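The structure presented is a predicted model; accordingly, all values stated were derived computationally and were not measured.
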Amino acid sequence: MSLTGLRRFLESDPPRLRFGFATAAAAWLAIVLAAALDLPNGHWAGVTVLTVSQPTRGLLLEKCLWRLIGTTAGALAGIGLLAAFASHPAAALVGLTLWLSCCAGFSALVRHFRSYGAVLAGYTCAIVALIDFEHPAAVQQIAYGRIACTIIGILAATAVTGLLMPHSGRRSHLERTRQLGADLLERCDDQLSGRVSDADEAALLGLVARLGDLDAEADEVFDGTPGARWRKRRLRNLLASLLLVTARARAIARPGDQDHRQASAELATLFRRAAACFRNPSTPAAPPIPRREDGRAAPELLAETQAALAAAMEDLRDLEQAPPSGKGSTRLAASPDWRGALRAATRVALCVLPVGLAWLASGWVAGSLMLLGTCVFVTLLSANELGAPTVRRIVLGVLAGVGTALAFRTFVLPNPAGLSILLLALLPVLCVTAAGLTFRLTAVSTVEFNNFFLMMSQPTHLAPLGLPLLQQGLAMVAGVGAAALALHLVMPLDIERRKGRLRQALARDMAELAEARTGKRLAAWEGRTLSRGLRLLAGTGPARPRRRRHRRPRSARTRLGSARSFARSEPSINSAGLTCGPRATRAHGPPELMRSAT
């Protein structure tokens, strides 16, 4: 980015700047509080802030909750592991591997922040057990410090960034759903009216693909808001209804006799009315078309199309209810990805065991820290298709953080310094962190730079604890490097592999459909197929063209719009991609928006 472009960005995008500097300020405040309370490893409080900070309040609260749950579960597991196998390192390694594999496998079965909580429970156990493996009696103090620092970090992030960030983008997401539904119904009207060209066919398929994107964004938009689970169910019901309407409209649009053309014309009229209702909430709902008793052209298919359209209108009305009420059923039957979970668990075991055995065989005193680095990043990224390319950015951040911490303790503060001096010396580094968080390209590397800088420099201790910092740094870099190699070489996982498995599952669904005998089995097949279809479609739509930014006076309305745009366009800046299993990966989002979660 040129200096001119940087100046324009700093002048024109205050929401990003506010997010970056508020996060850095909250991290510094959390470290100060942890130091005042004399907590062990007080830098964990700042790491927690960097991890949980989100561009919307709803996501912040939701991630804070699962951060606390995962940290507590992992800390208790670490205490139990050392209590049982402190004198048997090989048995402790096997137990740790089993725990990490189970957590990674479970993270592939659930979505969004629940997946984050699962991987956090895994590598928190590794942190508590390995950070001072030679002194197992200190495990309870380490676990207490981890939990206490997590609570402090959550409070600081909520108090600082939570007050400055906008609410969730639920309304904008609903508006985009409305517009997409209207466009889709208008294309269906064109199909039934015979006004279809190759370009129109491609546009229709592009709209259908965007349904998958809306499904993938649902967790990020609704989590942390009142009635989130209910609204996500209603939204996915609406997407399923629109998908069914589109498929059946394409089937009816085939050439037929006079009765078929007349029925298609009546259905096209209904589509136009429904599209107007989607586009304008004040438009009265379209009345249903009377049943055709004498129609000879696929009356069952016509009735099913009308029913699906009526269900879509009902889903739209339900989705706009405030507050949400009623349980309601769901038409999307999301089946667990057991194969993906098994692959994630196996990948973790095949990565952690060799590194652990190398540590035990070599007797390297810093080997536990090397294993710790491997455990954290392999568990974090084992169930994510973007793990391999993202870990390269993580490695850059780790190298920069370790190098800066060594320089900080060697040249800036070579002698034990007072606590106030240490904390004040953090401010320039946190300002660099704030600037790095502002840009998409550097967000991932910046978080890991800050995490490893804080871990190595230990700003809440007058002199660094444990082994010499150079040994600690080499061990951590070796562990992260082993994780990076493993993610590239050991059972590599990418988006195309996941979509290949989804295609195979859809083929099996088709075989089951041929054997279906009851309506119950047919309904279950339909819900499962629609769910898999939406996941397969996510990220396949055409990219939206980037608009040139023109400098103009920014009114209050324009600034508010920019804040909403930031909340809408970057909900996953620190949430989804790296901590979600294959079912929830945002294939449509660039990896620059995704951060690690150590």
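The shortest heavy-atom contact between Val444 and Thr390 is CG1-CG2, 4.0 Å. Taking every heavy atom of both residues into account, Ala24 and Leu430 meet most closely at CB-O, 3.4 Å. Here the closest non-hydrogen pair linking Ser115 and Ser107 is OG-O, 2.9 Å. When all heavy atoms of Ala157 and Ser53 are compared, the closest pair comes out as CB-OG, 4.3 Å. The two residues Val49 and Gly153 have their closest heavy-atom pair at CG2-O, 3.3 Å. The nearest pair of heavy atoms linking Met476 to Leu372 is CE-CD2, 3.8 Å.
In this structure, Gln458 contributes its side chain and Pro464 its backbone to no donor-acceptor pair below 3.5 Å. For the pair Trp28 (side chain) and Leu423 (backbone), a donor-acceptor distance under 3.5 Å is present. A donor-acceptor pair is defined here as one N or O able to donate and one able to accept, closer than 3.5 Å; such a pair exists between the side chain of Ser362 and the backbone of Trp359. The backbone N or O of Val221 lies less than 3.5 Å from no partner atom in the side chain of Lys232, so there is not a single donor-acceptor pair.
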Review point. When you look at Phe452 and Thr404, which way does the side-chain contact (heavy atoms from CB on, under 4.5 Å) test go after all the steps?
Key: CA-CA 9 Å; Phe452 277 80; Thr404 305; over 6 Å; no
Practice item. Go through the steps to decide whether Asn237 and Arg234 satisfy the test side-chain contact (heavy atoms from CB on, under 4.5 Å), and finish with yes or no. Key: CA-CA 5 Å; Asn237 280 352; Arg234 298 276 73 75; 2.7 Å; yes
Point to revise | Residue pair Phe222, His173: steps toward the side-chain contact (heavy atoms from CB on, under 4.5 Å) verdict | key: CA-CA 9 Å; Phe222 291 103; His173 187 273; 4.1 Å; yes
Check your understanding: Going through the distances and angles, do Leu65 and Leu61 end up as a side-chain contact (heavy atoms from CB on, under 4.5 Å)?
Key -> CA-CA 6 Å; Leu65 173 63; Leu61 296 176; over 6 Å; no
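Using a 4.5 Å cut-off on side-chain heavy atoms (C-beta onward), Leu214 and Glu217 make contact. Side chains of Leu109 and Trp338 form a contact here, defined as non-hydrogen atoms less than 4.5 Å apart. Considering only heavy atoms from C-beta on, Tyr123 stays 4.5 Å or farther from Val378 through its side chain. Residues Thr72 and Leu68 meet the side-chain proximity criterion, which asks for heavy atoms closer than 4.5 Å. Contact annotation: the side chain of Thr97 approaches that of Leu93 to within less than 4.5 Å [non-hydrogen atoms, C-beta and beyond]. Taking the side chain as every heavy atom from C-beta outward, Cys125 and Leu96 approach each other to under 4.5 Å. Counting only heavy atoms from C-beta outward, the side chains of Arg393 and Leu441 approach each other to under 4.5 Å. Two residues are said to be in side-chain contact when any heavy atoms from C-beta on lie closer than 4.5 Å; Val480 and Glu448 fail this criterion.
Take Phe449 and apply the ring pair (Phe, Tyr, Trp, His ring centres under 6.0 Å) test, not counting sequence neighbours, and it matches no residue.
To the nearest 0.5 angstrom, Ser457 atom OG is 6.0 Å from Leu426 atom CG. To the nearest 0.5 angstrom, Leu235 atom CG is 7.5 Å from Asp215 atom CG. Of the inter-residue distances, the one linking Ser382 atom OG with Leu487 atom CG reads 7.5 Å to the nearest 0.5 angstrom. Here the CH2-OG1 distance, from Trp44 to Thr71, works out to 10.0 Å after rounding to the nearest 0.5 Å. Note: Leu369 CG to Leu130 CG = 8.0 Å, rounded to the nearest 0.5 Å. Residue Asn41 holds its CG atom at 5.0 Å from NE2 of His43, rounded to the nearest 0.5 Å.
With Val447 as the fixed residue, the side-chain contact (heavy atoms from CB on, under 4.5 Å) test singles out one of Leu437, Val47, Thr442, Ile394: Leu437. Tyr116 pairs in a side-chain hydrogen bond (donor to acceptor under 3.5 Å, both in side chains) with only one of the listed residues (Glu62, Lys63, Arg67), which is Arg67. Each of Thr23, Asn450, Thr438 was evaluated against Thr433; a single residue qualifies, Asn450, per the side-chain hydrogen bond (donor to acceptor under 3.5 Å, both in side chains) test.
The neighbour count for Gln471 CD, taken as heavy atoms of other residues, nucleotides or ligands under 6.0 Å away, is above 12. Within a 6.0 Å radius of CZ in Phe106, other residues, nucleotides and ligands contribute 12 heavy atoms or fewer.
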